[in-house]
Structure formats: C-alpha cells, structure tokens
Amino acid sequence: MMVKTDWLLVILLGLVFLSLEGAEGRKERILGGSPYELAYSAINCRKHSASIKDFGGIGDGKTLNTKAFQKAVNQLSKYASDGGAQLVIPAGHWLTGSFNLTSHFTLFLHKDAVLLASQEINQWPVIDPLPSYGHGRDAPGGRYISLIFGTNLTDVIITGENGTIDGQGALWWQQFHMNKLKYTRPYLIELMHSNKIQISNITLLNSPSWNIHPVYSSDIIIQGITILAPVTSPNTDGINPDSCTNIKLEDNYIVSGDDCVAVKSGWDEYGIKYGKPTSHLIIKRLTCISPYSAAIALGSEMSGGIQDVRIQDITAIQTESGIRIKTGVGRGGYVKDIYVKGMKLHTMKWVFWMTGNYGSHADTHWDPKALPEIKGINYRDVVAENVSMAGQLDGISGDPFTGICMSNVTIGLAKKSKQNPWACTNIEGISSSVQPPPCKLLADQGPKKSGMCDFPTESLPIDSIEMQRCSYRLNLR
C-alpha cells in the first residue's frame, strides 16, 4: 500500500533547505550577461575551461552526445599537469550515455542544464561486479556502468548552479520489476579507487538505482545535493559511501524509494576477503523523506566494517526509520563507534531499528560462522513525533549487540502506535532520560547524565580540507 506523502510539506521543506546557510553554493547564478561569468567554491580551481559545445555537443534533448562528452574529457585531460580543466555544460537538454571522467577535472552544470541519461539499454557498457560484492545486486554477473564514471582518479569535481542530472529511471524500474534485466542497473555517479572528490550543488532525478556511489575512495565531500525519486522506485538510495574513508556529507536533501544514505563496505565473504572498511564519516544537516526505508542505514553490506561515523542534525519526515543497522549471520565485519546527535523526526514506523536477521546473501557460499560485531552505538538529543514504535532492537543469539547508549530522547507516539513501544532481544546497553521508557536491556541510569553517549569533540581530517573561491569569465557560444 502506497504511503501518502504531504507533497506541499515536501516542497516547503525543499524551499527552506535551499536557503540554508550551509548550502551557499546553490545561490550562485550567472553574475553577468555575455560573456558568461560564474563563481563557486571548490577544493581546486582550474586553469582551463571549455564548453561541451566546443566538442560538438547539441543540447536539444534528442541528439546523443556520448561521443562529445568523451571527446571533451579526453581532450581536457591533457591539461591535468597544467592547472587542470573545467568542462561547462550550458543551458539545454544534453542526452548522453555513460562517459568517464579524468583527474584534475571539473564538470560544471549551468542552472538550466539537464543531462539526460540514454534509455537505450543495449548502449550501456557492462563491467565486472565490484570485488567486495562478487555478484551483481540485481542479477548474477556484471553490472551496467554508471552514467558518470571514473576509476583511479585524483582531484575530481562535479558541481554547478544546481543543474540537473536526470537518470530517466522509469524504464529501468519496469525492467527490474519484470525480472528482465541481465545485469545490475547503473548508478548516476560512481567513482572508484579515487581520492579528493567533490560533488556539490546539483540535482539528481530518477536514478535507475543508487544515485551517488563513491567506492574504495577517500577524501570525499558531498554537499548541497538535491536527490529526488518516486518513493516507490526500487533501490534509489541517495548517497552510498562504500569502503571509503574520510568523507563528509552535509546539507543534502533527499526524497527516495530507499535509504537516503546507506553506508556500506562489501557483501558477505567477498567483503570479508576484500577487507576495506568505511571509516571517518561525517553526516550533517540531512533532510530525508523515504516512507519505506531509513534516513541513514548502516549496512546491510557491511562485511568490510564500518567505524567512526558521526551523524548530526538530521531531519526526517514520513521516513520508515531514523537510523537503521542492518546485518546478519554470514556478514562478518563490524559496525562500531557510531555517534548520533540531534535528530528531528516526524511520522515514523521506528525511530531506532537494529536487526541481526537481515538475509539477502550474495550467493550460497556465505560462512555461517561469520558473525558481525555491533558495538558502541550512541544516540542523544532525539525528538520524534507521530511514531508507531520507538525501537525494534534485535541482535543475534550468541552474538549480542553491545555498548548501545541512548540519552535525552523524547518520542511522541501515534494514536495507533504499538501497545509495547519497544522490542529488544540480544542487546546490551544503557539509557538516560528516554521517553517512553526503553526495554530493560537498555538499563536506565536515571535522570539525564552528563557525558552519556557523548559526541566526539576532535575533528576529522576531512574538516581540514579548505575550499577555494573559483571565478571564471567564459565566452560560451
């Protein structure tokens, strides 16, 4: 049954979000008439600039521009050692298939630019499954390459004046539901084995599957992004940092059919063998709507480990759960040292949800002795309204989830809420000033305790990356 979403509220939230001080880059617009002038914040500015039109691009929404995009990137890659290059996408509708990026490169979208993903499925190249997954997510074997793709790169920026990348995903969703796909659906943006990445101030629409997927990468900033997909669309996760380190996600607004943010690190025996965790992750000022999934999910593919995640100032409305930890027997790995501070939630099924019973294995070779370690999960300063159930916390028999801490939590239950707002099995933890009172396995420490579930005060390396103000005066024909 489809959940009715108050779209007026969604729109109002979006308008408020776009005015957030932290999303300053969204306010940048054309500063002059002709020639074209632009300014934005970036981890690096570029010495050279060009337009997609310089390489034969036609923005009529009908002409396929895949060759033009790849020609542009190939030509501009020559400037990597000479101050780098920027490719500007002017106003227009630019139909394209997948293309690869290069190092020391910026892809910039004008506010009225729309990249349209080709719907010719047979034109999408197929690549191998990720080594930490060993298997496609939709089907065995390979996967369709992402619309914007790159591997083994450094210093890559995708930004703009809130221009749009439209994945035109309806065809892919239909094929998925009909079990007609031979390979796993593409993502909109995927960067692998790369470092120094910025993705900012763009809108992503209707992705065939996940929207933004940095994997095996480091030093990543994703900010000021708007992601929109129908709430019934399959697996349209917003941002999925996967086996990455030193990441900051901030000031993002996501409406999707799956988790708004899903933190991952590989799947079952493949993720255990690859052994690359996601760590040192900051998630700040996220606004999320997803009636069937979580605002932030840790897992279920977490076999390489997830550690030191700092989540702060989260707003979620008509979202199935706030923070969800998903794992199971066979996953191995760990989720530990997770810190959550400041959540405002409205209309939820669960505020807190942990499960050690998540299945969905890559294949039949998973190890039943590979038990995950879940410990050091801290929540504080949470306010929720119209909630069906405060918490469903289920560890694994013989492998309990430990070190759970909740402090200063107020949950307003819906009129038709569950008679018992908490359900807990195979967990250990403490609580203070939590209403309604939690299960006995979260031992009550009495009134609000100073220092309980404290948020780390030391900064992470990603906070030391400085943004530059880049200004350009371009003659775009």
Side-chain angles (χ1 to χ4, degrees), residues 30 32-38 40 42 45-127 144-151 153 155-169 171 186-191 199 201-208 470 472-477:
I30 300 175
S34 181
Y36 183 82
E37 297 185 13
L38 60 92
Y40 59 90
C45 303
R46 308 302 182 197
K47 184 177 178 181
H48 304 274
S49 293
S51 165
I52 188 62
K53 291 184 177 181
D54 298 332
F55 302 93
I58 299 174
D60 60 2
K62 300 177 181 179
T63 304
L64 189 64
N65 291 286
T66 312
K67 291 183 178 179
F69 275 97
Q70 206 55 67
K71 181 180 179 181
V73 174
N74 291 342
Q75 291 288 334
L76 295 174
S77 68
K78 299 176 182 179
Y79 298 109
S81 61
D82 183 31
Q86 169 181 251
L87 178 63
V88 177
I89 314 304
H93 287 69
W94 307 89
L95 182 66
T96 182
S98 173
F99 60 94
N100 292 358
L101 301 184
T102 188
S103 294
H104 307 292
F105 179 83
T106 297
L107 179 69
F108 183 93
L109 275 68
H110 178 278
K111 68 183 178 68
D112 295 320
V114 180
L115 290 190
L116 292 172
S118 169
Q119 293 188 299
E120 297 293 331
I121 291 179
N122 60 359
Q123 296 296 312
W124 289 75
V126 176
I127 58 177
Y144 294 103
I145 195 170
S146 296
L147 179 64
I148 299 174
F149 182 77
T151 187
L153 305 180
D155 182 16
V156 179
I157 300 170
I158 302 171
T159 191
E161 302 168 319
N162 205 26
T164 299
I165 301 173
D166 187 345
Q168 302 200 95
L171 174 66
Y187 310 141
L188 284 188
I189 300 172
E190 181 177 69
L191 297 172
I199 304 173
N201 304 316
I202 56 175
T203 292
L204 305 181
L205 301 180
N206 301 321
S207 178
C470 304
Y472 302 92
R473 187 176 178 86
L474 308 173
N475 290 305
L476 299 180
R477 54 188 179 83

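Proximity of L87 to F69: side-chain heavy atoms (C-beta onward) are separated by under 4.5 Å at one or more points. Using a 4.5 Å cut-off on side-chain heavy atoms (C-beta onward), V73 and T102 make contact. Inter-residue side-chain proximity for L147 and I189 is flagged as unmet; no heavy-atom pair is nearer than 4.5 Å. Side-chain contact check for V156 versus L191: some heavy-atom pair is nearer than 4.5 Å. Taking the side chain as every heavy atom from C-beta outward, F55 and L76 approach each other to under 4.5 Å. In this structure the side chain of F99 reaches within 4.5 angstrom of the side chain of L107, judged on heavy atoms. Using a 4.5 Å cut-off on side-chain heavy atoms (C-beta onward), I158 and L101 make contact. Counting heavy atoms from C-beta on, the side chains of I145 and V126 never come closer than 4.5 Å.
Within the structure, the salt bridge (Lys or Arg N to Asp or Glu O under 4.0 Å) test picks out no pair touching residues 88-107 (sequence neighbours left out). Sorted by first then second residue, the salt bridge (Lys or Arg N to Asp or Glu O under 4.0 Å) pairs that include residues 117-126, not counting sequence neighbours, number zero. Annotation: side chain to side chain donor-acceptor pair (under 3.5 Å) contacts involving residues 68-77, sequence neighbours excluded, comprise Q75-K78. Screening residues 83-110 for salt bridge (Lys or Arg N to Asp or Glu O under 4.0 Å) gives no qualifying pairs among residues at least two apart or on separate chains.
S49 and L474 get closest at one heavy-atom pair: CB-CD2, 3.5 Å. The two residues A42 and Y40 come nearest to each other via the heavy atoms CB-CE1, 3.7 Å. The shortest heavy-atom contact between I202 and G160 is CG2-N, 4.1 Å. Across all their heavy atoms, S146 and P186 have their closest contact at CA-CB, 4.1 Å. Listed here is the closest heavy atom pair of W94 and G57: CZ3-C, 3.4 Å.
In this structure T151 satisfies the side-chain hydrogen bond (donor to acceptor under 3.5 Å, both in side chains) test with no other residue, sequence neighbours excluded. Every residue two or more places apart in sequence or in another chain that forms a salt bridge (charged side-chain N to carboxylate O under 4.0 Å, His left out) with D82 is listed here: K47. For Y144, the ring-ring contact (aromatic ring centres under 6.0 Å, His included) partners are W172, Y183, not counting sequence neighbours. Not counting sequence neighbours, the partners of L95 by the side-chain contact (heavy atoms from CB on, under 4.5 Å) test are L64, L116, Q168. For H104, the side-chain contact (heavy atoms from CB on, under 4.5 Å) test picks out R46, A80, T154, D155, with sequence neighbours left out. Every ring-ring contact (aromatic ring centres under 6.0 Å, His included) that Y79 has, sequence neighbours left out, goes to H48. Taking Y187 as the reference, W210, H213 meet the ring-ring contact (aromatic ring centres under 6.0 Å, His included) condition, with sequence neighbours excluded. For L171, the side-chain contact (heavy atoms from CB on, under 4.5 Å) partners at least two apart in sequence or on another chain are Q119, I121, Q174, Q175.
Judged purely by distance below 3.5 Å, without hydrogens or angles, the side chains of T96 and N65 never pair a donor atom with an acceptor atom. No donor-acceptor contact under 3.5 angstrom links the side chains of T106 and Q86, judged on distance only. For the residue pair T63 and D60, a side-chain donor N or O sits within less than 3.5 Å of a side-chain acceptor on the partner.
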#### Entry: Check against side chain to side chain contact (heavy atoms under 4.5 Å, CB included), I165 and I148
CA-CA 10 Å; I165 301 173; I148 299 174; 3.7 Å; yes

### Task
Take I127 and F149 through the test side chain to side chain contact (heavy atoms under 4.5 Å, CB included) and record every step on the way to the result.
CA-CA 11 Å; I127 58 177; F149 182 77; 4.2 Å; yes

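The main-chain N or O of G97 is found under 3.5 Å from a side-chain atom of T66 such that the two form a donor-acceptor pair.
Note that the OG1 atom of T164 and the CG atom of L109 stand 7.5 Å from one another [nearest 0.5 Å]. To the nearest 0.5 Å, atoms OG1 (T159) and CG (N201) are separated by 4.5 Å. Summarising the geometry, atom CG belonging to D112 is positioned 13.5 Å from atom CD1 belonging to I89; distances are rounded to the nearest 0.5 Å.
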